[in-house]
Amino acid sequence: MGTLIETTTTFVRDTFASAEEGGHDWFHTRRVLKNAITIGQDEGNVDMIAVQLGALLHDIADSKFHDGNEAIGPETARDWLVSQGADQALTTHVVNIVRHVSFKKNLEGQQWTSRELAVVQDADRLDALGAIGIARAFSFGGHKGHFLYDPSVPPNPHATKEERKRSGAPTLNHFPEKLFLLQDLMNTDTGRKLAAERTAFAHEFYDRFLAEWEGEL
Ligand code: ADP
Ligand code: NI
């Protein structure tokens, strides 16, 4: 028996042993944990235990891979923490972090928040930016069978799921449609600063991709 952080780390790593694609796996969670520790320490005045547990458990059961069932992640987190005899208030807080961390729910208007959620959410978004974010986007696109790029499909952040499917959802469009918008959604000063650096790098990649596409570099 180790600390709750240690046993949770082992639980999450074991759960991800059969990850379904390269963007969501134990190493994504590990990066989010590290980002969250960096941001949490820099911000100060946050419960670092809740931050670490929230980061560890935030993608424990992604609804995308469970027929859109959004309850399964929070439920899995709660079952785990209860099985470990975790403090009740801490358990409730972490379950709320897991429930509210996703990008989609944020767009729909977030009803619950905490300083710790703000940190974990920023840490998760950072992993969609920079070199890692670029790698994850193309891994996701490859997993789905999307094209790298199609000049006949203009980026459209408001495209419906159906429109996106019909257009072949070229992965490069994910940059202006989502990735470049993330920096404006950051909650913390530290998150904003790190996101700005990673977004600048993603812009550089995007511009260079288009130049190389035309044989201009
Ligand atoms: P998370 O579960 O980490 O909150 P998502 O499930 O929305 O985030 O996305 C996981 C990763 O896959 C991110 O790096 C995101 O940029 C990428 N991704 C999501 N949708 C697409 C898409 N349509 N094309 C390319 N990459 C995508
Ligand atoms: Ni995540």
Side-chain angles (χ1 to χ4, degrees), residues 3-6 8-9 12-13 16 22-60 62 73-74 77 81 87 89-137 139-140 157 174-207:
T3 65
L4 183 55
I5 302 292
E6 284 163 359
T8 303
T9 301
V12 175
R13 196 188 289 141
F16 275 117
H24 280 102
D25 55 15
W26 158 246
F27 293 116
H28 163 65
T29 291
R30 184 177 175 275
R31 291 189 301 269
V32 172
L33 175 65
K34 288 189 179 290
N35 292 342
I37 291 171
T38 302
I39 297 169
Q41 281 172 346
D42 212 65
E43 289 291 306
N45 191 24
V46 297
D47 174 352
M48 290 302 286
I49 302 290
V51 162
Q52 290 177 79
L53 292 174
L56 281 166
L57 292 165
H58 87 278
D59 269 340
I60 192 65
D62 194 310
L81 292 169
D87 176 83
L90 176 65
T91 298
T92 303
H93 189 176
V94 173
V95 169
N96 269 323
I97 292 174
V98 174
R99 184 173 291 133
H100 293 276
V101 77
S102 99
F103 178 78
K104 197 170 120 230
K105 277 187 218 88
N106 192 251
L107 284 186
E108 285 163 5
Q110 196 166 280
Q111 286 129 39
W112 179 91
T113 195
S114 75
R115 286 182 65 79
E116 290 73 17
L117 168 62
V119 169
V120 175
Q121 201 165 44
D122 280 6
D124 192 30
R125 286 179 179 146
L126 272 185
D127 207 48
L129 294 171
I132 297 277
I134 295 167
R136 289 181 81 209
S139 168
F140 184 100
H174 187 60
F175 288 66
E177 286 173 353
K178 179 166 159 186
L179 301 187
F180 296 157
L181 312 178
L182 287 179
Q183 63 175 342
D184 291 333
L185 297 177
M186 300 304 277
N187 305 302
T188 66
D189 289 343
T190 311
R192 240 184 312 279
K193 194 180 103 233
L194 295 170
E197 287 167 20
R198 291 185 184 213
T199 303
F201 183 81
H203 268 288
E204 203 181 313
F205 171 87
Y206 183 84
D207 295 344

Q: Residues two or more places apart in sequence or in another chain: which of them pass side chain to side chain donor-acceptor pair (under 3.5 Å) with D122?
A: N187, T188
Q: Between side-chain atoms of residues 48-58 and protein atoms elsewhere (two or more places apart, or another chain), which donor-acceptor pairs fall under 3.5 Å?
A:
residue : atom : partner : partner atom : Å
Q52     : NE2  : M48     : O            : 3.1
H58     : ND1  : A55     : O            : 2.8
H58     : NE2  : H28     : NE2          : 3.2
H58     : NE2  : D124    : OD1          : 3.1

Q: Could you tell me whether the side chain of L4 reaches within less than 4.5 Å of the side chain of L90, counting heavy atoms only?
A: yes
Q: Sequence neighbours excluded, which residues qualify as side chain to side chain contact (heavy atoms under 4.5 Å, CB included) partners of Y206?
A: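 Partners of Y206 under the side chain to side chain contact (heavy atoms under 4.5 Å, CB included) test: P155, L172, F175, P176, F180, L210.
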Q: How far does CD of Q121 sit from OG1 of T113, to the nearest 0.5 angstrom?
A: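 Between atom CD of Q121 and atom OG1 of T113 there are 7.0 Å.
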Q: Partners of H174 by side chain to side chain contact (heavy atoms under 4.5 Å, CB included), sequence neighbours excluded?
A: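 Testing H174 for side chain to side chain contact (heavy atoms under 4.5 Å, CB included), a comparison that skips the adjacent residues, returns A137, K178, L179.
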Q: Side chains of S114 and H93: any donor to acceptor distance under 3.5 Å?
A: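 H93 vs S114: donor-acceptor pair found between side chains.
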Q: Which atom names give the shortest non-hydrogen contact between W112 and I97, and what distance separates them?
A: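 Reported closest heavy-atom pair: CZ3-N, 3.9 Å.
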Q: Using every non-hydrogen atom in the two residues, find where V98 and A77 come nearest and quote the distance to one decimal.
A: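 That would be CG2-CB, 4.1 Å.
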Q: Under 3.5 Å, which donor-acceptor pairs link side chains of residues 193-201 to any protein atom two or more places apart or in another chain?
A:
residue : atom : partner : partner atom : Å
R198    : NH1  : L126    : O            : 3.0
T199    : OG1  : A195    : O            : 2.6

Q: Does T29 have any side chain to side chain donor-acceptor pair (under 3.5 Å) partners at least two apart in sequence or in another chain, and if so, which?
A: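 Expected list: none.
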Q: Quick one: list whatever passes side chain to side chain contact (heavy atoms under 4.5 Å, CB included) with D207, sequence neighbours left out.
A: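 Once residues adjacent in sequence are excluded, D207 has no partner under the side chain to side chain contact (heavy atoms under 4.5 Å, CB included) criterion.
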Q: If only atom types and distance count, is the side chain of R115 paired as donor or acceptor with the main-chain N or O of G40 below 3.5 Å?
A: no
Q: Could you pull out all residues at least two apart from T91 that satisfy side chain to side chain donor-acceptor pair (under 3.5 Å)?
A: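 Per chain and number, T91 pairs via side chain to side chain donor-acceptor pair (under 3.5 Å) with no residue.
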Q: Would N96 and R99 count as a side-chain contact (heavy atoms from CB on, under 4.5 Å) here? Give the steps.
A: CA-CA 5 Å; N96 269 323; R99 184 173 291 133; 3.3 Å; yes
Q: Distance from D25 atom CG to S139 atom OG, nearest 0.5 Å?
A: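 These two atoms lie 8.5 Å from each other.
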Q: Stepwise, does the side-chain contact (heavy atoms from CB on, under 4.5 Å) test hold for F27 with D127?
A: CA-CA 11 Å; F27 293 116; D127 207 48; over 6 Å; no
Q: With sequence neighbours left out, write down each residue that passes side chain to side chain donor-acceptor pair (under 3.5 Å) with D47, or none if nothing qualifies.
A: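 Applying side chain to side chain donor-acceptor pair (under 3.5 Å) to D47 gives none.
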Q: Would you say V119 and E116 make side-chain contact, with heavy atoms under 4.5 Å?
A: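 A side-chain contact is absent here, since even the closest heavy-atom pair is not under 4.5 Å.
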Q: If you look only at pairs with a residue in residues 181-192, which of them pass as a salt bridge (Lys or Arg N to Asp or Glu O under 4.0 Å), with sequence neighbours excluded?
A: D189-R192
